[in-house]
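Just so it is clear, the values below take in all heavy atoms, side chains as well, and ignore hydrogens, waters and symmetry mates. Proteins come first, then strands; the chains are lettered A, B, ... in the order of their sequence lines, and each starts at number 1.
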2 protein chains.
Amino acid sequence: MDNINKKEFKSTFIKYIEEKGLRHTKQRDVIVDAFFSAGRHITSEELFNIVKKKYPEIGYATVQRNLNLLCKCSLAEEIKIGKQKTRYEQKYGNTHHDHLICLQCGRLIEVNDDKIEKLQEKLAKKNNFTPVKHKLEIYGICAGCKSK
Amino acid sequence: MDNINKKEFKSTFIKYIEEKGLRHTKQRDVIVDAFFSAGRHITSEELFNIVKKKYPEIGYATVQRNLNLLCKCSLAEEIKIGKQKTRYEQKYGNTHHDHLICLQCGRLIEVNDDKIEKLQEKLAKKNNFTPVKHKLEIYGICAGCKSK
DNA sequence: ATGATAATGATTTTTATTATCATTTAGTAT
DNA sequence: ATACTAAATGATAATAAAAATCATTATCAT
Ligand SMILES: [Mn+2]
Ligand SMILES: [Mn+2]
Ligand SMILES: [Zn+2]
Ligand SMILES: [Zn+2]
């Protein structure tokens, strides 16, 4: 099941690579694997540290570059929160969602609310504005932090 | 009318300064005046360039520091959009609002929707999450850019 | 196998913001 | 008014994340 998703994730990447006349490399393979398997919302530094275990000679720049590439083919998406390092969200097979962000522990909780989404569309239209994407972040204190 | 607001804005600042045992300076006076009078969503650089006209000896660091101070006393608020420089929103007398952001020309349109605000509260509660603040940004194409 | 060129890895550059620090200034006590 | 204490300033350096540079290596079509 996860393997099927991984296969699809990788084949999407490979298709993009080939369409653009880019090349297959061992580094790409390792990076894309690790990115898929890693948890959500990973930073380039975190991914670099994971990838180094499988491929110690790898350079940080290569990881960064390939995360950017994953973003270009919509398999990843940047999330910027405050002054933190950019995090990368794995997008394949994930529906759109927004985040609750704990001000205390930094936890990201993924949420979605259809009504809010619809009202956003409406709000944009009312302003003669054509929405392309949006970002909703609710900052506060998570359940875990409250019970401490 | 605008002058009344300005007076209130400044007296809020002065009150904060005095409470904290900070000092009155000519620079602060000029910076706070200029910030109040400037349009919304200004960057520190833009404000620096305005302030320089009234006070050519002023340093960039002083403008930055005082913008940070304005944020601390809730007269200003940082807005970070993508990779742009931080912008500072004048908050005194402004109710909360969110932004529509044009991907083409960068224009910020201020909007507010009570229903969305309420649903956000509800969404947070459902996750046993205590909301403190939020950020909603809708990216797209503004009316002006569409008619070109 | 060869050649063209994309990718890599090490390093430097860029850019925004914060920190440092010598000097000046404000506000208070004398 | 003078002197003292500490905050503020302005110039500059430090920091940190991300992008750019570039010599070298690897890929892939021929
Ligand atoms: Mn997420
Ligand atoms: Mn605004
Ligand atoms: Zn928490
Ligand atoms: Zn526009």
Is there a donor-acceptor pair under 3.5 Å between the side chain of A/Tyr88 and the backbone N or O of A/Ile79? no

Less than 3.5 Å apart, any donor N or O on the side chain of A/Thr86 or A/Lys80 sitting next to an acceptor on the other? yes

Side-chain donor-acceptor contacts of residues 123-131 of chain B below 3.5 Å, not counting sequence neighbours, with atom names and distances?
residue  : atom : partner  : partner atom : Å
B/Asn127 : ND2  : B/Leu123 : O            : 2.9
B/Asn128 : OD1  : A/Lys146 : NZ           : 3.3
B/Thr130 : OG1  : A/Lys146 : NZ           : 2.8

Under the 3.5 angstrom rule, does the side chain of A/Asn112 hit a backbone N or O of A/Asp98 as a donor-acceptor pair? no

Using a cut-off of strictly less than 4.0 Å between a heavy atom of the residue and any atom of DNA chain D, enumerate the qualifying residues of residues 77-89 of chain B by number. B/Lys83

Would you say the side-chain atoms of B/Ser147 pair up with the backbone N or O of B/Gly144, donor to acceptor, closer than 3.5 Å? yes

Is there a side-chain contact between B/Arg40 and B/Leu108, using heavy atoms and a 4.5 Å cut-off? no

I want to check one thing: is the phosphate of C/dT18, taken as OP1 and OP2, less than 4.0 Å away from some side-chain N or O of B/Asn68? yes

Ignoring backbone atoms, test whether A/Asn66 places a side-chain nitrogen or oxygen under 4.0 Å from the OP1 or OP2 oxygen of C/dT8. yes

Parallel, tilted or perpendicular, as decided by the 30° and 60° cut-offs, for the rings of B/His41 and B/His97: perpendicular

Would you call B/His24 and B/Asp29 a side-chain contact if the rule is heavy atoms closer than 4.5 Å? no

Indicate yes or no: at least one non-hydrogen side-chain atom of A/Glu89 is less than 4.5 angstrom from one of A/Glu110. yes

Tabulate atom names and distances for all N/O pairs under 3.5 angstrom spanning the protein and nucleotides 22-24 of chain D.
none

Sequence neighbours left out, what passes salt bridge (Lys or Arg N to Asp or Glu O under 4.0 Å) with B/Glu117? Give chain and number order. none

Under the 6.0 Å and 45° cation-pi test, does A/Lys133 pair with B/Tyr139? yes

Please list, one pair per line, the donor and acceptor atoms closer than 3.5 Å that link side chains of residues 65-77 of chain B to other protein atoms, with sequence neighbours excluded.
residue : atom : partner : partner atom : Å
B/Asn66 : OD1  : B/Arg28 : NE           : 2.8
B/Asn66 : ND2  : B/Thr62 : O            : 2.8

Counting N and O atoms only, with roles assigned by atom type, does the side chain of A/Ser37 sit under 3.5 Å from a partner on the main chain of A/Ala34, one being a donor and the other an acceptor? no

List in chain and number order the residues that pass salt bridge (Lys or Arg N to Asp or Glu O under 4.0 Å) with B/Lys118, two or more places apart in sequence or in another chain; answer none if no residue qualifies. none

Have B/His134 and B/Gln120 got a donor and an acceptor in their side chains that come within less than 3.5 Å? yes

For DNA chain D, what residues of residues 9-17 of chain A have any heavy atom nearer than 4.0 Å? none

Side-chain N or O of B/Gln27 versus OP1/OP2 of D/dG10: is the shortest distance under 4.0 Å? yes

Interatomic distance where CD belongs to A/Glu18 and P belongs to D/dC28 [whole Å]: 9 Å

Testing the 3.5 Å rule here: is there a donor-acceptor pair between the side chains of B/Gln64 and B/Ser44? yes

In whole Å, what is the span from the CG atom of A/Leu70 to the C1' atom of C/dA7? 15 Å

Between which residue ranges does DNA chain D form stems of three or more consecutive Watson-Crick or G-U wobble pairs, both distances under 3.5 Å? C:1-30 with D:1-30

Output the rest of the hydrophobic cluster of A/Ile14: all Ile, Leu, Val, Met, Phe, Trp and Tyr residues reachable through side-chain heavy-atom contacts under 4.5 Å, sorted by chain and number. none

Got a list of protein N/O to nucleotides 26-28 of chain C N/O distances below 3.5 Å?
residue : atom : partner : partner atom : Å
C/dA26  : O3'  : B/His24 : O            : 3.3
C/dA26  : N3   : B/Arg23 : NH1          : 3.1
C/dG27  : OP1  : B/His24 : N            : 3.1

Expected list for residues 32-60 of chain A near DNA chain C, using heavy atoms below 4.0 Å, is A/Tyr55, A/Glu57, A/Ile58, A/Gly59

How would you list, by chain and number, every residue that makes a side-chain contact (heavy atoms from CB on, under 4.5 Å) with B/Lys15, sequence neighbours excluded? B/Glu19

Distance check needed: C/dT25 P versus B/Asp29 CG, whole Å only. 17 Å

